[in-house]
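Input: a single structure, listed below in structure tokens.
Below, chains carry the letters A, B, ... as their sequence lines are ordered, and counting in each starts from 1.
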There are 2 protein chains.
Amino acid sequence: MGTRGRQAEAKRNDLRLLAAAHEVFTRQGFDAPVSAIARQAGVGMGSLYRRYRTKEQLLQRLCVIAMERTVEAAETGLAHADPWEGLALYVRTCVANRSGALAPVAGTIEVTDEMWRTAREADEAAERLVTRAHEAGVLRRDVTMLDISLLMEQFSRPAPGPPSPEHDHVRHRLLAIALDGLRAPGATALPGEPPTLEWYESRWGDAP
Amino acid sequence: MGTRGRQAEAKRNDLRLLAAAHEVFTRQGFDAPVSAIARQAGVGMGSLYRRYRTKEQLLQRLCVIAMERTVEAAETGLAHADPWEGLALYVRTCVANRSGALAPVAGTIEVTDEMWRTAREADEAAERLVTRAHEAGVLRRDVTMLDISLLMEQFSRPAPGPPSPEHDHVRHRLLAIALDGLRAPGATALPGEPPTLEWYESRWGDAP
DNA sequence: GGTGAACGGAGCAATTCGCTCCGATTCGGA
DNA sequence: TCCGAATCGGAGCGAATTGCTCCGTTCACC
């Protein structure tokens, strides 16, 4: 099973499509041409547009998947016995997944109910991870879950130019620096007020 | 002087043009339409294209100016008595200036001799700042000047969506975290090898 | 073989962008 | 006060790109 003729090819095409779309969108930005995705997936435009009737639908599906992977990463982190290592693993995984790379899409597509729901799930899981670290005293007090989410978003931004392993490597180094900055117990206080959940969500449009 | 008729208006237009171009390019990305710059500057397309014969020329001029401001920031930091505060001031200033926001332009425009020259100047000034901090023992040893340049570049990336003061504020907070991570003396070692100058420059094309 | 669903990609219509052209406007000198 | 020249600003052009559709072809199943 799995390779039963034409229907199986459709299934495989869908997977390759999603992978290609994730790759292209997170690397080139969300306004990459649809044809680039089809080419990268080794699939014709016709097949792409039969599966997703519009570019927006594809983007919406992609957002949901990205957030589901975020939830997964958070749960994996939560499963880690060490509160700090769990949190760090979560952050590193999300950045490696480019979970925040789809953020620039905010305001340009309609947010489905499923997207809101998954986003809430992801936020709750991340919140648990952060409060556990706070209670264990391994995370500086003046940092909130939203700070960390926005930090991951910042590090998920696509690199300029053609994708290169060097760039990924550099991002790893820089992230390590930022993670060290997250522990620093005696560090200087963070400037200003922490970001509000209201603002954070408002970037995507009005909540349901 | 300064307001002597037509000639003065041209001068003023040039300044407003450069300011507008900086704003638009760093906020929207370098492929923003030229008309947006003209509109933001309150100037007609004709005036813009008389001053800069092509979009590329405007971009090149803008790059030089951005790097000159970087040199300035480095010198200001160097003038600071405290090695750490000098470095931190430099980083904060560059990020506030969005000095690295033009990096995505790498590979899409021809690099003039003036650009190479100014870039070298900027690198040397930054190097002095970093070695002074190293010698004073206020900067973790495994961090290089290029790490810091790339960190600033990462934080200079344009924010998605419409520009908002909240976003600037958040970036300030995140930068403060990263800066704390730069001091941490007993921190975990940075992963992998530091980036090489060769690779750093190669993104812009072949050196002269 | 016959059939019909799934395939791939050429092509369409609409939009966007860099850039040019030209009429309107303004200034300095006589 | 008036004129010529210089400058301004934006409508418009051609090229390129985009999202999307249409259609001839292919292949598993009967």
>> Is the phosphate of dT7(D) approached by R50(B) (side-chain N or O, under 4.0 Å from OP1 or OP2)?
In response: no
> In whole angstroms, how far is the P atom of dT20(C) from the OH atom of Y52(B)?
Replying inline: 17 Å
>> Output the rounded distance in Å from CZ (R53(B)) to P (dT20(C)).
In response: 10 Å
> Taking atom C1' of dA10(C) as reference, at what distance in whole Å does atom CG of L48(A) sit?
Replying inline: 16 Å
> Is the shortest heavy-atom distance from the side chain of L179(A) to the side chain of R183(A) under 4.5 Å?
Replying inline: no
>> For H167(A) together with W199(B), are the ring centres under 6.0 Å from each other?
In response: yes
> Hey, which of these two, S47(A) or Y49(B), hits DNA chain C nearer its 5' end, going by closest nucleotide?
Replying inline: S47(A)
>> Using the rule side chain to side chain contact (heavy atoms under 4.5 Å, CB included), only one of L58(A), L102(A), L59(A), T54(A) pairs with I109(A); which is it?
In response: L59(A)
> Side-chain contact, heavy-atom cut-off 4.5 Å: F25(A) with I37(A)?
Replying inline: yes
>> Without decimals, in angstroms, what is the distance between R16(A) CZ and dG8(C) C1'?
In response: 13 Å
>> Donor-acceptor check, side chain of Q154(B) to backbone of L174(A), threshold 3.5 angstrom: yes or no?
In response: no
> Within a strict 4.5 Å, meaning less than it, do heavy atoms of the L78(A) and R132(A) side chains meet?
Replying inline: yes
> L58(A) CG to dC20(D) C1': how many Å, rounded?
Replying inline: 14 Å
>> Rounding to an integer number of Å, can you tell me how far D14(A) CG sits from dC7(C) P?
In response: 10 Å
> So which of residues 26-43 of chain A are in contact with DNA chain C, with a heavy-atom cut-off of under 4.0 Å?
Replying inline: G42(A), V43(A)
> What is the distance from CZ of F25(A) to C1' of dT18(D), rounded to the nearest Å?
Replying inline: 12 Å
> Atom CG of L59(A) to atom P of dC20(D): distance rounded to whole Å?
Replying inline: 11 Å
